[in-house]
There are 6 protein chains.
Amino acid sequence: MEISARNQFRGRVTAVRKGNIMAEVEVQLDVPPTVLAAITKSSVERLALAEGDEVTVIIKSTEVLIGK
Amino acid sequence: MEISARNQFRGRVTAVRKGNIMAEVEVQLDVPPTVLAAITKSSVERLALAEGDEVTVIIKSTEVLIGK
Amino acid sequence: MEISARNQFRGRVTAVRKGNIMAEVEVQLDVPPTVLAAITKSSVERLALAEGDEVTVIIKSTEVLIGK
Amino acid sequence: MEISARNQFRGRVTAVRKGNIMAEVEVQLDVPPTVLAAITKSSVERLALAEGDEVTVIIKSTEVLIGK
Amino acid sequence: MEISARNQFRGRVTAVRKGNIMAEVEVQLDVPPTVLAAITKSSVERLALAEGDEVTVIIKSTEVLIGK
Amino acid sequence: MEISARNQFRGRVTAVRKGNIMAEVEVQLDVPPTVLAAITKSSVERLALAEGDEVTVIIKSTEVLIGK
């Protein structure tokens, strides 16, 4: 499946921190920047996300702000 | 001003495409990936965004999806 | 690729309306409701979205409001 | 009050799971799909959301992604 | 209908600018700040939004950033 | 740094409630309305947000809904 979101980057999960409902997933992209995602804990479990997993970070362009 | 959004990356504007209400801004990060932002045309004009500008791409972590 | 977003529904594109930057895509789900997506025109073109295409509608749970 | 969001579906709450700050609300729409919403726990309490409640699921079209 | 979004403010529409797909609606709240909403043109037309209309601005708390 | 988001209001933090992953920050704007932000706990800690802090509430216009 190809996704409409314009921003999609390959990376590797470097940390998963679970709360009760939400969870944080840290992804080290193939190039330096690390991206932080706050997703539901149930999604972390459904995808069985764990450190070392190769994943794609997906960000819809309407969600991006610019600072100058 | 420091912003709460966890994902903030420095880059350079490589393209600005204006519609009537919305506009697309392409930002080449300091490391390879290029990020696309869809923001209002009025914000492009208020910040006077143009190719070559050094900017910060800002993405709140709750807006990020993970694909695996 | 499996996506972290909890809400994913199969459907068929019933209309594509393009503006300059944004576009509207109407998707008739396999069961009655029709979902409207506002995505960039460039995504419509990259995926070559057209009426009749079978697609998946993806909605992150943090983007959903409840009215009662 | 009528809401600008283009996607509004009637359904019934089938589960409410509360964390410290966030909560998950599962809504079974009148037709099969079940939608998951991650909203603040304080909103769950302000609306007194409980299993069996008839609610409306509201999703702004700019928040919808398409997979093909 | 009561909405789960924690931020809801009464105001009056002071400007409506329509593009092809998106539209901007400017709302002067009952107290000074003016809020800008970018919604689809079809929503502007469905609600028949016009200058002088009394409306409610609705913002989900997960969409708010803090700068310090 | 100037931010592209069209809605930016000055205020003062009146409450910070931390969960495991998410946190709620209540901001009393200079004029009456109080805005609620749900951001990650790690952002609260990175900015050292506390009651009495002067902050800016930032909301991208594409995230705003209108009720009429």
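In the text below, chain A, chain B and the rest are named by the order of the sequence lines, each starting its count at 1. Below, all heavy atoms of this structure are taken into account, side chains as well, without hydrogens, waters or symmetry copies.
- For a residue to count as touching a neighbouring chain, one of its non-hydrogen atoms must lie under 4.5 Å from one of that chain's; by this rule C:Lys41 does not touch chain E.
- Within the 4.5 angstrom heavy-atom criterion, only side-chain atoms of E:Met22, from C-beta onward, approach chain C.
- Side-chain atoms of C:Lys68 do not come within 3.5 Å of backbone N or O of E:Ser4 as any donor-acceptor pair.
- Side-chain contact between E:Ile3 and C:Ile66: absent, with no pair of heavy atoms (C-beta onward) separated by less than 4.5 Å.
- Taking C:Arg17, C:Lys18, C:Glu24 one by one and counting their heavy-atom pairs under 4.5 Å with chain E, the maximum is reached by C:Glu24.
- The minimum heavy-atom distance between E:Thr62 and C:Thr62, with the atom names listed, is OG1-O, 3.5 Å.
- Among all heavy-atom pairs drawn from C:Leu36 and E:Ser42, the shortest one is CD2-OG, 4.4 Å.
- Proximity of C:Leu65 to E:Ile58: side-chain heavy atoms (C-beta onward) are separated by under 4.5 Å at one or more points.
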